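Please read all numbers here as calculations on a predicted model, not as lab measurements. The chain is numbered in sequence order, starting from 1.
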Amino acid sequence: MCLPLVHLSRLPGGRAVGEVRPIVHVGDPVLHHPCEPVTRFDDELAALVADMFASMYAAEGVGLAANQIGVPLRVFVYDCPDDAGERHKGVVVNPELELPGLGERRLDTGDEGCLSVPGQYAPLPRPDRATVRGLDADGRPVTVEGTGLLARCLQHETDHLDGHLYIDRLPAKRRKQVLAAYQAAQSTKADISPL
């Protein structure tokens, strides 16, 4: 079931309204398989992008991949600060991730979470710089270079499109702990009945 329409400011693709769609959670098959490349840059894609922004904002996220709302296409949106606090907002279709070479790579060991594993966080080392090349919602080439949280976001969302969650990168013991905590939180929510 979808929530009401949410008015948003200017979005890539020229749409100003998007529908908030439910976020898909860990275990749903759409999250665990690589997504298909986008081949049509049309009103349907523009509508998807608007819905993705609306869904991301409603869930209070900084990035969202299409498969997180059940659409197995290679597209993600973001509205995220870099390490200087500058906010970056956009969409990347058919992204290709580039990371610094091993000799140039510095790791950010901060915590990471995911809208598809709500309420759970774990330290996950990732390179503190990342570049994504792809297309915008109109099919024009786009390059996004990120540092800090934006770099983490670009890597995290590209992982989603490749069929991986951040918990897949954790050591097995830590992954089991995160999943157990998630399951316990979901069970608690299910046990609470509305008055």
Side-chain angles (χ1 to χ4, degrees), residues 6 8-13 18 23-26 31 34-35 49-69 73-137 140-171 174-175 177-179 181-182:
V6 176
L8 302 174
S9 59
R10 277 183 41 219
L11 296 176
I23 304 294
V24 174
H25 290 176
V26 61
L31 294 174
C35 294
V49 169
D51 289 356
M52 289 172 66
F53 272 107
S55 302
M56 177 183 72
Y57 291 136
E60 300 181 0
V62 297
L64 186 75
N67 57 345
Q68 289 184 274
I69 58 170
L73 290 175
R74 291 189 65 80
V75 55
F76 72 79
V77 298
Y78 61 94
D79 188 344
C80 185
D82 61 19
D83 66 347
E86 184 179 339
R87 186 175 148 205
H88 301 265
K89 177 180 174 181
V91 57
V92 183
V93 178
N94 299 334
E96 294 294 331
L97 179 66
E98 298 173 14
L99 299 173
L102 292 177
E104 302 169 353
R105 192 174 292 185
R106 288 189 311 266
L107 294 180
D108 170 1
T109 58
D111 281 357
E112 194 161 324
C114 181
L115 296 175
S116 292
V117 191
Q120 305 305 312
Y121 299 88
L124 179 62
R126 289 201 189 255
D128 67 351
R129 291 180 292 131
T131 301
V132 168
R133 298 182 197 283
L135 304 168
D136 68 12
R140 295 182 300 246
V142 63
T143 299
V144 183
E145 296 179 2
T147 58
L149 183 58
L150 180 58
R152 183 176 292 276
C153 178
L154 297 175
Q155 294 168 73
H156 180 105
E157 301 310 331
T158 303
D159 274 356
H160 270 302
L161 302 180
D162 292 336
H164 305 293
L165 298 171
Y166 86 98
I167 58 174
D168 297 332
R169 293 185 174 274
L170 297 175
R174 184 65 179 123
R175 181 179 191 277
Q177 291 170 337
V178 169
L179 286 172
Y182 164 75

Do Leu107 and Pro127 have side chains that approach each other closer than 4.5 Å (heavy atoms only, starting at C-beta)?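 In short, these two side chains touch, coming nearer than 4.5 Å.
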Considering all heavy atoms, the nearest [X]-[Y] contact:
| X | Y | answer |
| --- | --- | --- |
| Gly134 | Val92 | CA-CG1, 4.1 Å |
| Thr109 | Pro123 | O-CB, 3.9 Å |
| Pro100 | Arg105 | O-NH2, 2.8 Å |
| Cys35 | Leu73 | CB-C, 3.6 Å |
| Asp79 | Lys89 | OD2-CD, 3.9 Å |
| Tyr78 | Cys153 | CB-SG, 4.0 Å |

Using the test side chain to side chain donor-acceptor pair (under 3.5 Å), find all partners of [X] that sit at least two apart in sequence or belong to another chain.
| X | result |
| --- | --- |
| Thr131 | none |
| Thr147 | Asp83 |
| Arg106 | Asp128 |
| Glu98 | Arg133 |

Can you tell me how far apart [atom1] ([X]) and [atom2] ([Y]) are? Round to the nearest 0.5 Å.
| X | Y | atom1 | atom2 | answer |
| --- | --- | --- | --- | --- |
| Leu135 | Glu96 | CG | CD | 10.0 Å |
| Glu145 | Leu150 | CD | CG | 10.0 Å |
| Asp51 | Ile69 | CG | CD1 | 6.0 Å |

How would you list, by chain and number, every residue that makes a side-chain contact (heavy atoms from CB on, under 4.5 Å) with [X], sequence neighbours excluded?
| X | result |
| --- | --- |
| Ala59 | Ile23, Leu115 |
| Arg169 | Leu124, Arg126, Asp159 |
| Pro81 | Leu149 |
| Val24 | Asp28, Val30, Leu31 |

So, using salt bridge (charged side-chain N to carboxylate O under 4.0 Å, His left out) as the criterion, who are the partners of [X] when residues are at least two apart?
| X | result |
| --- | --- |
| Asp168 | Arg175 |
| Arg129 | none |
| Arg74 | Asp162 |
| Asp82 | none |

Passing option when Tyr182 is tested against Gln177, His25, Gln120 for side chain to side chain donor-acceptor pair (under 3.5 Å): His25
For Phe76, the option from Val49, Asn67, Leu154, Leu64 that meets side-chain contact (heavy atoms from CB on, under 4.5 Å):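 Among the candidates, only Leu154 passes.
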Report the C-alpha distance between His88 and Val144 in whole Å, list the side-chain angles of each, state the deciding distance to 0.1 Å, and finish with yes or no for side-chain contact (heavy atoms from CB on, under 4.5 Å). CA-CA 9 Å; His88 301 265; Val144 183; 5.7 Å; no
Given the rule in the side-chain contact (heavy atoms from CB on, under 4.5 Å) test, do Gln68 and Glu157 qualify, once you have shown the distances and angles that lead to the verdict? CA-CA 10 Å; Gln68 289 184 274; Glu157 301 310 331; 3.4 Å; yes
